[in-house]
Q: 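The following block contains the structure, expressed as structure tokens.
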Amino acid sequence: MARLMELYRLMARIRAFEEVALVAHAAGELPGYLHPSIGQEAVAAGVCSVLRRDDRITSTHRGHGHALAKGADVRGMMRELFGRAGGACRGKGGSMHIADFSVGMLGANGVVAGGIPIAVGAAQGLRLLGSDSIVACFFGDGAINRGPFLEGLNWAALYRLPVLFVCEDNMVAAFTAARSVTAGPGVVARAESFGVAAESVDGNDVEAVAEAAQRLIACVRRGGGPRLLHARTYRLLGHTSTDEAAWRDPDEVAQAKANDPLVRARDRLLAAGVDGAVLDAVLAEARVEMEAARADALQAPWPEPAEAWEDVQDIGAEPVEQL
Amino acid sequence: MARLMELYRLMARIRAFEEVALVAHAAGELPGYLHPSIGQEAVAAGVCSVLRRDDRITSTHRGHGHALAKGADVRGMMRELFGRAGGACRGKGGSMHIADFSVGMLGANGVVAGGIPIAVGAAQGLRLLGSDSIVACFFGDGAINRGPFLEGLNWAALYRLPVLFVCEDNMVAAFTAARSVTAGPGVVARAESFGVAAESVDGNDVEAVAEAAQRLIACVRRGGGPRLLHARTYRLLGHTSTDEAAWRDPDEVAQAKANDPLVRARDRLLAAGVDGAVLDAVLAEARVEMEAARADALQAPWPEPAEAWEDVQDIGAEPVEQL
Amino acid sequence: MDASLLPPTATVETITLVEATRRAVRQEMRRDPLVWVLGEDVARGGIFGQYRDLVDEFGPERIVSTPISEATIMGAGLGAALVGTRPIIEMRIFDFALCAMDELVNQIAKIRYMFGGQAKPAVVIRAPHGLWRSSAAQHSQSLEAWFAHLPGLVVAVPATPADAAGLLVAAIRSDDPVLFFDPKALFGATGPVPQEIAPLPFGVARHVREGDDLTLVCWSSIVPEGERAAEALEREGIGVDLLDLRTLWPWDEAAVLASAARTRRLLVVHEAVRTGGFGGEIVARVVERLGPGALKAARRIGAPRLPVPFSPPLEEAMRVTEAKIVAAARSLLGA
Amino acid sequence: MDASLLPPTATVETITLVEATRRAVRQEMRRDPLVWVLGEDVARGGIFGQYRDLVDEFGPERIVSTPISEATIMGAGLGAALVGTRPIIEMRIFDFALCAMDELVNQIAKIRYMFGGQAKPAVVIRAPHGLWRSSAAQHSQSLEAWFAHLPGLVVAVPATPADAAGLLVAAIRSDDPVLFFDPKALFGATGPVPQEIAPLPFGVARHVREGDDLTLVCWSSIVPEGERAAEALEREGIGVDLLDLRTLWPWDEAAVLASAARTRRLLVVHEAVRTGGFGGEIVARVVERLGPGALKAARRIGAPRLPVPFSPPLEEAMRVTEAKIVAAARSLLGA
Ligand SMILES: Cc1ncc(C[n+]2csc(CCOP(=O)(O)OP(=O)(O)O)c2C)c(N)n1
Ligand SMILES: Cc1ncc(C[n+]2csc(CCOP(=O)(O)OP(=O)(O)O)c2C)c(N)n1
Ligand SMILES: [Mg+2]
Ligand SMILES: [Mg+2]
């Protein structure tokens with residue numbers, strides 16, 4: 001139960017992070033927009049819980065959970081969402097470009113499937129370095145219709161690279177049901193057609209995800225070549241912080257809510273005899289942590305305008321304009 | 001036998017076209033370089049022989065055979081290779097960009113897999129026009145590792161478009177054995193993973209190609225959605241007119257020569273009682289036709305320099321410079 | 001467009017730019033059954049509402065929501081044009097067109113030429129571009145200069161609802177491929193648009209304001225900044241001749257030359273990075289045509305050569321603003 | 001590079017440009033085990049022989065022949081850099097990089113910035129570009145101006161064996177991503193190259209010739225045309241100050257300004273299309289910096305805005321040649 005408890009805590013922190021960020025967004029505290037992963041926490045938590053710190057991940061536009069689960073600094077992340085000094089990316093990236101290389105989080109990506117070629121290349125680089133680290137590559141069910149996904153499967157299989165592909169199948173690609181634009185049996189069949197062994201898992205069962213990921217990663221790390229994990233989950237909110245996703249079947253949404261990965265983990269912990277108050281405390285602590293991060297971000301200074309001119313290139317960087 | 005005889009004649013014409021063009025190239029009569037399809041004629045001939053004139057094809061950098069088999073004008077093609085006035089593309093395209101829209105030949109392509117998105121779109125356009133024409137889309141075994149191939153499969157299957165994908169598997173991608181850069185079981189499995197039914201055929205048996213293509217095209221035309229034909233063949237010459245492909249196993253090449261699609265068709269015709277002299281005459285006639293095309297091209301004028309300024313845009317075309 | 005230029009019978013309403021483009025698409029789809037739209041989420045109206053409810057009228061075979069397959073969206077649009085239909089290729093935002101550059105650059109832009117005139121790539125590529133709501137580096141680019149440099153495309157960069165509508169109608173009817181940059185930041189801007197939209201010719205600048213002291217050339221989202229700057233300068237007694245190019249290829253060289261020859265001071269302003277931007281072409285062309293001696297001063301304003309940052313103060317620091325235009329104009333007048 | 005500038009002990013041989021780049025790659029791969037090459041057919045030497053026999057020395061894990069998957073070649077190169085290796089990404093010819101533009105433009109060029117300096121995209125992208133042997137529209141493009149406009153990249157456009165070698169060594173050692181345009185037409189050109197290749201700094205023009213009457217700026221394959229034109233002009237008594245920029249970003253503004261201020265006549269010549277080419281940037285910058293009054297005349301030569309045709313007389317008609325440079329120079333001198 002200790003492990004499930006840890007996973008529960010991790011999911012609770014991801015959930016709280018996004019809930020607090022959404023409140024802050026609605027309050028006009030943070031610029032731009034967010035892609036919340038609420039409802040999908042078990043995938044990020046399950047997979048990242050079985051990675052080593054020196055393993056790498058690549059992520060998507062919906063990457064808060066991945067970053068947090070991989071160990072990214074929460075205050076740095078929140079400040080980044082707020083565009084403040086001390087943000088994980090110095091305020092240059094925002095929500096869609098969260099990265100924390102110090103924990104192997106090689107970045108969210110604003111381009112669907114954009115992380116996939118990067119992931120296979122990172123794996124190839126690790127091989128060259130003689131490292132036994134692996135790369136977990138997250139992408140959505142909408143990404144499997146982009147060419148780079150298929151090129152990446154071929155590439156990883158060809159060079160037997162240490163990559164775990166993780167398809168977060170939340171049934172939707174922005175505003176369109178993913179099934180309605182995806183031909184054939186789906187991602188598992190696609191992977192297998194490249195010789196990449198693949199399996200599906202209930203992506204709202206965090207233990208099942210962790211268990212499957214662990215098994216697959218063991219093969220990958222042993223030099224067995226890439227594997228693909230297909231995690232079925234559900235995006236409980238809209239595509240972005242400003243989308244209600246009102247077009248979805250309310251029954252479907254209601255059913256999905258009952259299947260919330262946090263609810264399921266909680267039920268299991270309760271059934272195993274954990275006190276409800278303990279679980280409530282986990283949620284409350286997570287909330288406190290994230291509200292503190294929000295408060296920290298809110299009081300943090302803005303970056304200096306001149307910082308816009310930094311981090312472009314070493315050679316050929318333009319001088320700061322008269323500001 | 002009449003049908004095989006016609007296919008033999010078509011293959012002989014393709015072969016003669018390229019042999020003559022190669023001689024002309026070696027003699028310095030034509031600029032640039034050529035991608036000969038010698039050894040692969042049965043695929044172009046077999047597939048195109050069962051297409052209607054109003055069906056469309058998209059082709060590759062190795063497209064002489066496709067164009068000729070689809071009915072493109074030989075003199076126009078040869079003049080194009082020579083860069084002369086009256087060329088199929090007015091001398092602007094050359095060998096790598098042969099096209100003849102009047103017979104539904106929507107163009108060779110200098111980009112590997114470049115014709116695939118065009119083919120599926122053409123099929124979608126034909127559907128919108130209420131036409132029952134279909135599109136045959138040729139590409140090489142090297143092309144199946146480019147993203148657009150996979151996107152195209154998904155797209156065609158999703159919209160159930162009238163496309164016959166034709167993979168010309170000549171075992172090589174430029175200077176690299178295609179197998180050595182292709183993971184998994186291959187093109188048929190890839191197609192099937194998108195729900196596109198696929199089958200393999202001996203691509204040097206022109207009758208088998210024609211028969212399989214006919215069967216698949218019937219499904220496609222009936223609205224059954226796309227199909228894929230995987231034709232196993234062999235590129236007898238180098239990648240281009242200036243490549244000897246000296247790195248290949250001489251045994252492999254010798255074996256492939258014995259399996260030349262023209263030799264095989266000839267043997268079958270002989271066995272069926274056709275006189276060898278008749279078959280020789282077919283070859284000789286083809287040669288005469290192509291030598292005449294070469295002579296025609298050689299005497300044709302060059303395009304006027306000012307023509308370089310034509311066919312760019314209707315609006316915003318730049319004025320011809322002082323020449 | 002000045003409403004007084006419209007035929008007297010035309011009905012003119014004030015609507016947003018996004019609505020103006022929707023009206024243009026609807027009008028053309030009603031006129032010509034071979035016009036159709038393909039792109040992600042278009043059957044849900046598009047992410048800016050450009051196609052709202054159009055699927056109800058035209059059905060899912062003409063308002064085609066596609067997979068996330070930009071290369072194929074672009075290339076399939078081309079293929080469909082080659083058999084005679086007239087696709088509108090929706091890229092969602094310009095930055096995603098970078099996933100389809102072989103199809104745009106190597107195929108669409110060149111196919112007519114390579115095939116000696118046989119191909120008619122009558123496509124419109126809609127690519128909402130530019131800064132918008134702290135969208136950061138991968139969702140804010142302005143690379144219109146690239147396509148003015150690339151042979152084979154018409155490049156439209158409208159700034160008002162009427163121009164967007166008129167240029168879009170012209171684009172749909174054109175046999176040339178047209179890369180149509182919707183100005184993201186101006187989707188909500190309002191202006192008069194006739195019920196019946198006439199095509200607007202490519203290559204004719206809009207003379208937004210007349211003035212004798214300085215020629216100010218701009219396009220797309222920068223036009224309102226330019227207008228405000230011109231008003232501010234006028235209050236200081238500086239007369240600004242303001243041109244909105246509306247298309248970058250063809251571009252209205254004659255209008256710019258005439259104005260610059262008169263004012264002898266040229267300021268070109270764009271949201272895109274200054275280095276290598278289309279402003280360089282304009283300044284160079286004016287100098288070549290009129291001779292350097294015809295000018296007293298020339299200058300460009302554009303973004304510094306930086307990816308677009310997320311944080312508002314950083315974005316603001318590198319953004320082209322009314323204030324920067326006014327300051328540059330003043331310094332030019334000093335020259 | 002003038003051989004007399006080399007340290008006296010250096011061994012210098014006359015070799016081809018392609019061989020010079022091969023020597024540079026080999027030297028750097030020997031020096032640093034984290035340098036490696038990925039691209040199609042590279043284990044067979046590359047299509048121009050740039051990597052001939054290198055697989056024998058470094059093995060197939062460092063000279064990696066890849067599938068035809070440009071997007072992944074580009075993106076995997078980036079990923080491999082992010083974990084600390086130093087990939088050389090071979091694009092075969094530039095035009096195929098258009099199949100990998102998301103990876104180049106949205107990822108490689110921006111990743112360091114978006115992530116606030118965390119990423120070190122230390123890649124070299126080699127892209128042989130330009131006209132060569134009637135290769136037609138999809139195999140002949142020169143789009144270097146695009147990347148000077150794009151923040152985040154260094155853009156190298158060498159013209160001699162020594163410069164190609166020196167810039168390639170610098171590119172491999174640079175932590176910035178470098179887009180390295182091999183000049184296809186000059187792969188066979190010969191020149192002196194030291195056995196031990198030193199890195200050549202980016203942004204320093206080569207002063208090819210001195211002269212007082214006209215500043216001629218060029219790069220890449222046009223440099224030899226420019227040299228021949230300068231010789232021809234000298235025979236007519238016209239002194240040409242000839243600069244080979246060697247890199248377009250950073251570019252040697254100081255050298256151009258100094259020369260133009262002196263000669264007061266500026267001619268910029270590139271193989272790329274003139275409209276929207278980098279020549280516009282140079283002319284505009286000089287006018288901005290020196291003031292229009294400092295110049296008597298300025299002009300650019302480039303290709304007309306056409307895709308590249310196949311047929312030799314068509315290609316010749318649109319190609320930038322010595323004769324066109326000479327004619328333009330004469331007319332500038334008249335101004
Ligand atoms: C190449 C590209 N095309 C389109 C978009 C716009 N877009 C952002 S997220 C998204 C949907 C992605 O769906 P999926 O991969 O399933 O991820 P999810 O949002 O469901 O997590 C789209 C179309 C993009 N960012 N990149
Ligand atoms: C996108 C792209 N990458 C690389 C090339 C260079 N190239 C031309 S043909 C070829 C090999 C293609 O192999 P395949 O698809 O099997 O066709 P084949 O030549 O065997 O007919 C390559 C790599 C290209 N033209 N386009
Ligand atoms: Mg999804
Ligand atoms: Mg092949």
Side-chain angles (χ1 to χ4, degrees), chain C residues 70-71 95-107 109-110 112-114 136-138 141 143 145-152 248-249 268 272-285 287-288 291-300 303-307 309-310 335, chain D residues 70-71 95-107 109-110 112-114 136-138 141 143 145-152 248-249 268 272-285 287-288 291-300 303-307 309-310 335:
Chain C
E70 279 75 12
D95 311 69
F96 304 149
L98 292 161
C99 302
M101 288 296 271
D102 172 53
E103 292 71 21
L104 177 56
V105 175
N106 285 332
Q107 315 291 342
K110 298 182 177 30
R112 180 171 167 187
Y113 193 78
M114 287 189 300
Q138 290 177 337
Q141 287 169 93
L143 292 176
W146 282 18
F147 303 96
H149 184 48
L150 182 77
L248 290 195
W249 192 267
V268 187
V273 166
R274 188 190 58 195
T275 299
F278 199 70
E281 175 65 29
I282 294 171
V283 170
R285 195 77 178 152
V287 169
E288 285 174 330
L295 292 180
K296 288 198 179 118
R299 214 177 128 181
R300 300 164 298 156
R305 194 173 177 275
L306 315 174
F310 165 74
Chain D
E70 278 76 10
D95 311 68
F96 305 148
L98 292 160
C99 302
M101 289 296 272
D102 172 54
E103 292 71 20
L104 177 57
V105 175
N106 285 333
Q107 314 291 344
K110 297 180 177 32
R112 179 171 167 187
Y113 193 79
M114 288 188 300
Q138 290 176 339
Q141 287 170 93
L143 292 176
W146 282 17
F147 304 96
H149 184 47
L150 183 78
L248 290 194
W249 193 266
V268 187
V273 167
R274 187 191 58 196
T275 299
F278 200 69
E281 176 65 28
I282 295 171
V283 170
R285 197 73 178 155
V287 169
E288 286 174 331
L295 292 181
K296 287 199 179 119
R299 216 177 125 181
R300 300 164 297 156
R305 195 172 176 275
L306 315 174
F310 166 73

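Being a predicted model, the structure only gives us computed values, none of them experimental. All values below were derived from every heavy atom in this structure, side-chain atoms included, with hydrogens, water molecules and symmetry-related copies excluded. A note on names: the letters A, B, ... follow the listed sequences, proteins ahead of strands, and every chain is numbered from 1.
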Q: Is Asp95(D) reaching over with its side chain to a backbone N or O of Asn106(C), donor-acceptor style, under 3.5 angstrom?
A: no

Q: Is it the side chain or the backbone of Leu150(D) that comes within 4.5 Å of chain C heavy atoms, both, or neither?
A: both

Q: Is it the side chain or the backbone of Ala136(D) that comes within 4.5 Å of chain C heavy atoms, both, or neither?
A: neither

Q: Using the salt bridge (charged side-chain N to carboxylate O under 4.0 Å, His left out) criterion, which residues pair with Arg300(C)? Sequence neighbours excluded.
A: Glu281(D), Glu288(D)

Q: Look up atom OG1 in Thr275(C) and atom CZ in Arg285(D), then write down how far apart they are to the nearest 0.5 Å.
A: 6.5 Å

Q: Would the distance check show the side chain of Arg305(D) and the main-chain N or O of Ala148(C) forming a donor-acceptor pair, the cut-off being under 3.5 Å?
A: yes

Q: For chain D, which of Gly277(C), Gly279(C), Gly293(C), Pro304(C) has the most heavy-atom pairs under 4.5 Å?
A: Gly277(C)

Q: Against chain C, label Arg274(D) side chain, backbone, both or neither, depending on which of its atoms sit under 4.5 Å from a heavy atom there.
A: both

Q: Nearest heavy-atom pair of Ala284(C) and Gly280(D): which atoms, and what distance?
A: CB-CA, 3.8 Å

Q: Please classify the contact of Glu70(D) with chain C as side chain, backbone, both or neither, using a heavy-atom distance under 4.5 Å.
A: neither

Q: Not counting sequence neighbours, which residues clear side chain to side chain donor-acceptor pair (under 3.5 Å) with Glu103(C)? List them please.
A: none

Q: Taking the side chain as everything from C-beta on, heavy atoms only, tell me whether His149(C) gets closer than 4.5 Å to His149(D).
A: no

Q: Please work out which of the three classes, parallel, tilted or perpendicular, describes the rings of Trp146(D) and Trp146(C), given edges at 30° and 60°.
A: parallel

Q: To the nearest 0.5 Å, how far apart are CG in Asp102(D) and CE in Met101(C)?
A: 11.0 Å

